[in-house]
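First comes the structure, then the notes that go with it.
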Amino acid sequence: MSRQYYIAGNWKMHKTRSEAAELTKSLVEGLKDGKHKYLIAPPFTALETVGAIVRGTNIRLGAQDAAAEEQGAHTGEVSVLMLKDLGVQSIILGHSERRHTYKEDDALINKKVKLALKYGFEVILCVGETLEERECGQAEVVCENQVLWGFAGVPKDALANIVIAYEPVWAIGTGKTATPEDADAIHAYIRKVIGRLYGADAADRIVIQYGGSVKPENVTQLMAKENIDGALVGGASLKADAFLPIAKFA
Ligand code: PEP
C-alpha cells in the first residue's frame, strides 16, 4: 500500500486577504520540511493572495466549491475556468455545509465532480451521515449512496485525481470526533464500495481523509488506523499553532 497521508485545511468563510496571507506564510515556513501531502482551501476572495504565497511550495491551493456550469447567468457562482485562472489545483465538493445548509443534492454534486475532473482539478469529495442517520444504523448506506452518486460516470483513469473525505456531519465543528475505530470502519466500507466499482487496485490506492473535529490531540490515533489516509480540517486549520502539529503528526 503506497498511499500518502494528505492533510487539508478548509478555512470556510474565514480570513480577509491580509489575515490569509499571514496564516499562509506561517504554514509555508512550518511545513517546508513536512513529510505529507498538504492543501489549504481559503475563501474565493483570498485565493489569489494565498496562491501567490504557496506557489512553488509543498502546499496545494484548494477551492471550497465550484459551480456546476462553466459560465453563464449564474449570479454568485464561481466557475472552474476562474479557479484555473487563479492557479487552483484542487476543489472540495459535496461538503456537508453545501449539502445540508445550501441543499446541494447528489446529482448537482456529481455534475460538479465531472466538470472539475474535465478541467484537470483534483477533487476532494466529501461524504458523511447525519447523527439521525447514524442512530438509525444508516451510516454505511448513506455514505455508499453519496459515493455511488459522486462517482457516477467517472472513469477509472480519473480516480488518481479523486480523494474522498469521510466527514460525519455530527462531528463537524461540534468538538465531537468519531472514534478512530468507528471512522476506520466507515473508511473500510467506502474502500469496499470503490473496490466493487473499480476493482481492488483502485480501492487500495484511493486516499480517504477523515474530517470532523480533528485536533492536535486526536490526529495521531486517527491516522494510525489502516484505512484513514489523512484529514480534512476545519476549525483547527485557522491557526498555525493548531494546524501545524496536525499536519506534521508523526
Ligand atoms: C470540515 O468542515 O470539513 C471540518 C472537518 O470541520 P471541523 O474540523 O471544524 O470539524
Side-chain angles (χ1 to χ4, degrees), residues 5-15 19-20 23 27 36-44 46-47 50 59-66 88 90-104 109 112-113 116 121-131 133-134 139 142-143 146-147 150 162-180 182-184 186-187 190 207-223 225 227-249:
Y5 283 111
Y6 189 1
I7 310 291
N10 170 15
W11 294 1
K12 309 192 183 186
M13 198 171 73
H14 295 284
K15 308 278 177 202
E19 291 164 348
L23 175 57
L27 298 180
H36 311 308
K37 179 175 172 182
Y38 301 116
L39 170 133
I40 50 179
F44 292 129
L47 280 169
V50 170
I59 303 179
R60 298 171 66 85
L61 183 64
Q64 300 172 18
D65 190 25
V88 168
S90 308
I91 308 178
I92 299 169
L93 293 173
H95 189 277
S96 68
E97 285 146 21
R98 302 299 324 166
R99 289 180 189 268
H100 297 286
T101 312
Y102 296 100
K103 309 294 175 218
E104 291 196 5
I109 294 163
K112 293 181 175 192
V113 167
F121 291 95
E122 175 184 79
V123 167
I124 299 180
L125 175 68
C126 303
V127 302
E129 81 286 358
T130 62
L131 184 58
E133 289 162 341
R134 171 156 284 258
V142 167
C143 293
Q146 290 176 352
V147 167
I162 307 195
V163 168
I164 298 173
Y166 168 58
E167 300 205 307
V169 179
W170 48 272
I172 295 180
T174 58
K176 286 187 198 145
T177 319
T179 65
D182 284 346
D184 191 56
I186 299 287
H187 283 229
I190 292 171
V207 168
I208 309 178
Q209 298 172 323
Y210 169 77
S213 301
V214 175
K215 305 179 262 263
E217 301 78 49
N218 59 25
V219 65
T220 310
Q221 296 94 299
L222 286 161
M223 297 306 122
K225 289 293 172 191
N227 290 289
I228 302 182
D229 309 318
L232 180 54
V233 186
S237 71
L238 295 172
K239 289 200 170 121
D241 60 7
F243 191 65
L244 287 174
I246 294 173
K248 295 175 87 172
F249 82 92

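For ligands, and for the atoms within them, numbers begin at 1 and follow the listed sequence.
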- [ ] Enumerate the atoms of ligand 1 whose separation from the nearest heavy atom of Ala171 is less than 4.0 angstrom.
- [x] 10 (O)
Open item on the list: Using a 4.0 Å cutoff against the non-hydrogen atoms of Gly212, which atoms of ligand 1 qualify?
Closed with: 5 (C), 10 (O)
Task: Tyr102 side chain near His95 side chain, heavy-atom distance below 4.5 Å - done: no
Open item on the list: If we set the cut-off at 4.0 Å for heavy atoms, which region of Ser96 has an atom near ligand 1: side chain, backbone, both, or neither?
Closed with: neither
TODO: Only one of Thr177, Asp184, Ile186 passes side-chain contact (heavy atoms from CB on, under 4.5 Å) with Tyr210; say which it is.
DONE: Thr177
- [ ] Consider ligand 1: state whether an atom of it lies below 4.0 angstrom from any non-hydrogen atom of Gly173.
- [x] yes
Task: Validation row: Val169, Arg99 side chains within 4.5 angstrom (heavy atoms) - done: no
Open item on the list: Quick check: do Ile109 and Gln146 have side-chain heavy atoms less than 4.5 Å from each other?
Closed with: no
Task: Min heavy-atom dist Ala231 to ligand 1 below 4.0 Å - done: no
Task: From Glu167, Lys215, Lys12 - option closest to atom 5 (C) of ligand 1 by heavy atom - done: Glu167
Open item on the list: Whether the side chain of Thr101 engages the backbone of Arg98 through a donor-acceptor N/O pair (distance < 3.5 Å, no angle test) should be reported.
Closed with: no
TODO: Mark up the atoms of ligand 1 that fall under 4.0 Å of a heavy atom belonging to Leu232, in ascending order.
DONE: 3 (O), 5 (C)
Open item on the list: Quick check: do Trp11 and Glu19 have side-chain heavy atoms less than 4.5 Å from each other?
Closed with: no
Open item on the list: Give me the nearest non-hydrogen protein atom to atom 4 (C) of ligand 1 as residue plus atom name, then the distance to 0.1 Å.
Closed with: Gly234 N, 3.6 Å
Task: Nearest neighbour in protein (non-hydrogen) for atom 9 (O) of ligand 1 - done: Gly235 N, 2.8 Å
Task: atom 1 (C) of ligand 1: nearest protein contact (heavy atom, Å) - done: His95 NE2, 3.2 Å
Open item on the list: In terms of relative ring orientation, are Tyr166 and His187 parallel, tilted or perpendicular, with 30° and 60° separating the classes?
Closed with: perpendicular
